[in-house]
**Student:** 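Before I ask anything, here is the structure I am working with.
Values below: all heavy atoms of this structure, side chains included; hydrogens, waters and symmetry mates excluded. In this chain, residues are counted from 1 in sequence order.
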Amino acid sequence: MNTKELLCVCTDARRMAGLSAAEMQGWTILTVPTLSAAAHALRERRYLVGLLVDVIGPPHLLNEVELFLSHHSEPSWIGVVEPGLVQLPAYRNLVARHLCDYHTRPVDFERLAFTLGHAHGHAMLRDAALPLPAPQTRLTGTSPAIERLRAQIHKVAGVNAPVLIWGESG
């Protein structure tokens, strides 16, 4: 089993004491106390998943958190916030823009462990995704029908959906 790595930003490690080793089996967790320490850790090593514990709470830090998450958007971030905080527009917008999920206190550590695992799995899929090949059209001819076909191909080329092509052969 590969070890998953988690960057946890938490000013008070006692707040996460319930995140037991049994629930986090297979994870290596680096806990840092500040966003600047997290930025340093992200320069040193790549993390697919990050956890913000009570960092989003203080109103005087809201702009700093927004700036940090804007500059460090590669990890899938999960937040732990106080209940009712996401009801406030500024916090709700920050969570919606930058976090893949959030939990409110009191933390259900089993559910949080599941969420972290899901975020890690999704990040792994995102990393492994292959770019779509560029559409290639090699149609010869200049008839009105061919020109309409080129226009239709150009129209659907940017859509990530199945396309049915039918008509006479030749």
Side-chain angles (χ1 to χ4, degrees), residues 1-132 134 155-161:
M1 171 193 279
N2 291 339
T3 300
K4 299 172 283 229
E5 295 182 337
L6 171 67
L7 175 60
C8 179
V9 185
C10 181
T11 56
D12 184 357
R14 293 174 296 174
R15 299 291 307 243
M16 293 307 290
L19 201 56
S20 73
E23 289 166 331
M24 295 306 292
Q25 188 174 19
W27 285 88
T28 300
I29 303 172
L30 173 64
T31 302
V32 295
T34 64
L35 292 173
S36 60
H40 177 74
L42 288 167
R43 284 190 298 273
E44 297 293 316
R45 162 173 235 112
R46 184 166 181 256
Y47 290 87
L48 295 178
V49 181
L51 179 64
L52 300 173
V53 181
D54 299 328
V55 175
I56 298 174
H60 66 281
L61 293 179
L62 192 60
N63 288 336
E64 183 182 347
V65 173
E66 176 85 37
L67 188 62
F68 171 82
L69 292 172
S70 295
H71 286 105
H72 303 286
S73 60
E74 186 176 314
S76 295
W77 291 101
I78 294 144
V80 174
V81 298
E82 291 296 326
L85 199 61
V86 292
Q87 302 307 316
L88 303 172
Y91 294 99
R92 183 175 51 244
N93 290 338
L94 183 129
V95 167
R97 276 194 305 271
H98 299 290
L99 302 185
C100 69
D101 202 352
Y102 73 96
H103 293 253
T104 57
R105 292 211 170 272
V107 176
D108 177 343
F109 289 103
E110 186 176 329
R111 183 174 162 259
L112 179 59
F114 177 81
T115 299
L116 292 169
H118 180 75
H120 186 271
H122 189 264
M124 294 289 290
L125 288 174
R126 186 180 61 226
D127 270 10
L130 299 174
L132 293 173
K155 185 177 182 179
V156 300
V159 177
N160 186 13

**Student:** Measure the CG-CG distance between Leu85 and Asp54 for me, rounded to the nearest 0.5 Å.
**Tutor:**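 Separation between the atoms: 9.5 Å.
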**Student:** I need the minimum non-hydrogen distance between Glu5 and Trp27, along with the two atoms involved.
**Tutor:**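 Closest approach of Glu5 to Trp27: O-CZ3, 3.7 Å.
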**Student:** Quick one: which residue pairs count as a ring-ring contact (aromatic ring centres under 6.0 Å, His included) with a foot in residues 48-84, not counting sequence neighbours?
**Tutor:**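 Of all non-adjacent pairs touching residues 48-84, those that pass ring-ring contact (aromatic ring centres under 6.0 Å, His included) are Phe68-His72, Phe68-Trp77.
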**Student:** Enter the distance from Leu67:CG to Leu61:CG here, rounded to the nearest 0.5 Å.
**Tutor:**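 Here the rounded value is 12.0 Å.
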**Student:** Applying side chain to side chain donor-acceptor pair (under 3.5 Å) as the test, list every pair that has at least one member in residues 29-39; sequence neighbours left out.
**Tutor:** Thr34-Ser36
**Student:** Shortest non-hydrogen contact from Ala90 to Leu62?
**Tutor:**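 Of all heavy-atom pairs spanning Ala90 and Leu62, the closest is CB-CD2, 3.5 Å.
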**Student:** To the nearest 0.5 Å, what is the distance between CG (Leu94) and CG (Leu52)?
**Tutor:** 8.5 Å
**Student:** Between Ile78 and Val49, which heavy-atom pair has the shortest distance, and what is it?
**Tutor:**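 Nearest pair, atom of Ile78 first, then Val49: CD1-CG1, 4.1 Å.
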**Student:** Can you tell me how far CD of Glu74 sits from CZ of Arg126, rounded to the nearest 0.5 angstrom?
**Tutor:** 7.0 Å
**Student:** Indicate yes or no for a side-chain donor-acceptor contact from Arg105 to the backbone of Glu82 under 3.5 Å, with no hydrogens or angles considered.
**Tutor:**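 Between the backbone of Glu82 and the side chain of Arg105 there is no qualifying donor-acceptor contact (under 3.5 Å).
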**Student:** Kindly give the heavy-atom pair with the smallest separation between Val81 and Tyr102, and that separation in Å.
**Tutor:** CG2-CD1, 4.1 Å
**Student:** Tell me the closest heavy-atom pair linking Leu7 and Ala41, and the distance in Å.
**Tutor:**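 Scanning both residues completely, I find the closest heavy atoms to be CD1-CB, 4.0 Å.
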**Student:** Would you say the side-chain atoms of Thr115 and His103 include a donor-acceptor pair closer than 3.5 Å?
**Tutor:**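 Checked: Thr115/His103 side chains pair up, N/O donor to acceptor below 3.5 Å.
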**Student:** Just how far is it from atom CG of Asp101 to atom NE2 of His122, taken to the nearest 0.5 Å?
**Tutor:**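 Going from the CG atom of Asp101 to the NE2 atom of His122 covers 12.0 Å.
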**Student:** Quick one: list whatever passes side-chain hydrogen bond (donor to acceptor under 3.5 Å, both in side chains) with His98, sequence neighbours left out.
**Tutor:**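 With neighbours one apart ignored, the set is Glu66.
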**Student:** Where do Ala123 and Leu48 come nearest, in terms of heavy atoms and distance?
**Tutor:**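 Heavy atoms of Ala123 and Leu48 come nearest at CB-CB, 3.8 Å.
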**Student:** Is any side-chain heavy atom of Pro75 closer than 4.5 Å to a side-chain heavy atom of Leu42?
**Tutor:** yes
**Student:** With rounding to the nearest 0.5 Å, note down the distance linking CG in Leu51 to CG in Leu99.
**Tutor:**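 That separation rounds to 10.0 Å.
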